[in-house]
There are 2 protein chains.
Amino acid sequence: MSAEHRSPSEQQRAEARREQILCAAATCFRNSGFHGASIAQISKVAGMSAGHIYHYFDNKEAIIAAIVERDLEYLLTLSAELRAARDTREAMIEHVTEGVRRSLEPLEAGLKLEVVAEAARNPHVADIVRSADDVCRNSLAATLRAIRRADGHDDDDSAIASMVELLAAMFEGLMIRGIRNPQMDRAAVTRRFQATLRLLLTQGY
Amino acid sequence: MSAEHRSPSEQQRAEARREQILCAAATCFRNSGFHGASIAQISKVAGMSAGHIYHYFDNKEAIIAAIVERDLEYLLTLSAELRAARDTREAMIEHVTEGVRRSLEPLEAGLKLEVVAEAARNPHVADIVRSADDVCRNSLAATLRAIRRADGHDDDDSAIASMVELLAAMFEGLMIRGIRNPQMDRAAVTRRFQATLRLLLTQGY
DNA sequence: TAACATAGAATGAGCGTTCAATCTAGATCA
DNA sequence: TGATCTAGATTGAACGCTCATTCTATGTTA
């Protein structure tokens, strides 16, 4: 590869170009799905020729993989953030507000659902998704265990793992709810989610 | 129309043909997504020529709509069943086992996610999905209210609605969990879901 | 000039869809 | 009964188009 020969500004420029393509691809994938969106469409949104996209990505599959990774990266930093923050029950319950808001963000939810649907049939995408999920689960498990410990509960691994799955299902399911019932009362749901999380964190099991 | 001139066996045969096409389409859509699957593919699986499919469906979009309706019909009978059954807390908690099992059924979950992802961008599909969701929500709300009343709780509409959303999110989210973490401990998750439902049904709010 | 960025045309495959031609099975009639 | 008719079922080729991808030619810049 000739990456070493390129000047910093050239590398920067190339990186910007890649970003431009990924940004356009995300828009198109949201509107038409991975298979419904075409390279021609993406190139038009990105403001460059179709052929030129192939200077930055081997093929469409590589663009999809990059979009999936990008989407998950965000989730990873988020769970790391939650982990790094003070592991207090009330802080976590407070975080529910933002979690609900983001699950209901229509643009984000649409793309995330596209990613999961693709993971259900594309083994390469499934690998990326699953390894990111592993990291997130572990991070959330550590957070939950710390909070439960602080309240005097000593749960076994299976209890913590099932709590992780329940919480993940709640927020991931909320993305689906936002699509199936857009008129949902968000404030009421937020309160219900907070109350449920409080029960989970405080009750014996 | 000439439907009245046709003999019952002819109508039956035509219905069987339609079913054959829908069954093949469901398989193809699961494997490749709505846009990834082609009419040629579907016709091969259905064991008939590509052209012949157009005697039974106007176009591919109509096949998608039929698949979506079919998928939701199942959900409708299910929620009606739950409603018609004895509205007892423990019966409902018992039902969780089957709900979890079905949310984790990989074939069903894959297609359902495809439907939701399509609903996020296709207004026609969104309409079908939302009107089915309305019916299911109302049915579930009635069931929940009856159980809560029997336990002496008198919740307002917003409390019941948010409980409906939470439960729906849990089970719909579980479909996503099954894809993102196929190694999940199903028994532990079932127990956790049951315990959580019991808390929801019995606790004040 | 040399190397890379970029556009845009070319390619061949595959798409959804249409359609004329054939098959099939039951109705009609000799 | 056996021949003929007929209408729907079914096929497979063909259409026009769009797809992902490649190739070639032309800028651009250092």
Side-chain angles (χ1 to χ4, degrees), chain A residues 1-29 31-67 118 122 124-125, chain B residues 1-29 31-67 118 122 124-125:
Chain A
M1 292 300 145
S2 56
E4 300 86 33
H5 310 152
R6 282 206 282 273
S7 76
S9 76
E10 273 169 333
Q11 285 187 38
Q12 219 172 302
R13 185 183 171 75
E15 194 47 49
R17 275 299 207 203
R18 263 186 72 100
E19 201 53 38
Q20 196 178 350
I21 294 169
L22 287 182
C23 194
T27 300
C28 293
F29 288 156
N31 293 336
S32 317
F34 286 141
H35 299 289
S38 70
I39 296 289
Q41 238 173 82
I42 295 171
S43 73
K44 196 168 282 181
V45 173
M48 69 183 67
S49 72
H52 193 42
I53 287 187
Y54 287 85
H55 275 258
Y56 297 96
F57 293 94
D58 280 352
N59 47 40
K60 195 182 173 183
E61 180 80 9
I63 301 179
I64 293 177
I67 288 282
E118 184 67 17
N122 180 333
H124 182 206
V125 169
Chain B
M1 293 297 147
S2 56
E4 300 87 33
H5 309 152
R6 282 207 282 273
S7 76
S9 76
E10 271 169 333
Q11 286 189 37
Q12 220 171 301
R13 185 181 169 77
E15 194 46 49
R17 275 302 208 198
R18 262 185 73 99
E19 201 54 36
Q20 195 179 351
I21 293 169
L22 286 181
C23 194
T27 300
C28 293
F29 288 157
N31 293 337
S32 317
F34 286 141
H35 298 289
S38 70
I39 296 289
Q41 237 173 83
I42 294 171
S43 73
K44 196 169 281 181
V45 173
M48 69 183 69
S49 71
H52 195 41
I53 287 187
Y54 287 86
H55 275 260
Y56 296 97
F57 294 93
D58 280 353
N59 46 42
K60 194 183 174 182
E61 180 79 9
I63 301 179
I64 293 177
I67 287 282
E118 184 67 16
N122 180 333
H124 182 208
V125 169

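Protein chains get the first letters and strands the later ones, always in sequence-line order, with residue 1 at the start of each.
Remark: Glu19(A) engages Arg70(A) in a salt bridge (Lys or Arg N to Asp or Glu O under 4.0 Å) (not counting sequence neighbours). Partners of Ala37(A) by side-chain contact (heavy atoms from CB on, under 4.5 Å), not counting sequence neighbours, listed by chain and number: Cys28(A), Phe29(A), Ser32(A), Gln41(A). Here His55(A) pairs with His52(A) under the ring-ring contact (aromatic ring centres under 6.0 Å, His included) rule; sequence neighbours left out.
When every heavy atom of Phe57(B) is checked against every heavy atom of Arg18(B), the shortest pair comes out as CE2-NH2, 3.5 Å. Here the closest non-hydrogen pair linking Leu22(B) and Ala66(B) is CD2-CB, 3.7 Å.
The nearest whole Å value for the distance from the CD1 atom in Ile39(B) to the P atom in dC15(C) is 10 Å.
Of the residues in residues 42-52 of chain A, those with a non-hydrogen atom less than 4.0 angstrom from any atom of DNA chain C are Met48(A), Ser49(A), Gly51(A), His52(A). Against DNA chain C, the stretch residues 53-66 of chain A makes heavy-atom approaches under 4.0 Å through His55(A), Tyr56(A).
The distance from atom CZ of Arg17(A) to atom CD1 of Ile53(A), rounded to the nearest 0.5 Å, is 10.0 Å.
Contact check for His35(B) versus Phe34(A): no side-chain heavy atoms found under the 4.5 Å cut-off.
Taking only side-chain nitrogens and oxygens, Arg13(A) comes nearer than 4.0 Å to OP1 or OP2 of dT6(C). Listed pair Arg17(A) / dT6(C) meets the phosphate criterion, a side-chain N or O lying under 4.0 Å from OP1 or OP2. For dA9(D), neither phosphate oxygen OP1 nor OP2 lies less than 4.0 angstrom from any side-chain nitrogen or oxygen of Arg18(B).
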Read 5' to 3' with Watson-Crick or G-U pairs under 3.5 Å, [ ] for crossing pairs and | for partners on another strand, DNA chain C gives ||||||||||||||||||||||||||||||

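Between the side chain of Lys60(A) and the main chain of Ser38(A), no donor-acceptor pair closer than 3.5 Å is present.
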Could you go step by step and tell me if Asn122(A) and Glu61(A) meet the side chain to side chain contact (heavy atoms under 4.5 Å, CB included) rule?
CA-CA 10 Å; Asn122(A) 180 333; Glu61(A) 180 80 9; 3.0 Å; yes

- Does the pair Met48(A) and Ile21(A) meet the rule for a side chain to side chain contact (heavy atoms under 4.5 Å, CB included), with working shown? CA-CA 9 Å; Met48(A) 69 183 67; Ile21(A) 294 169; 3.8 Å; yes

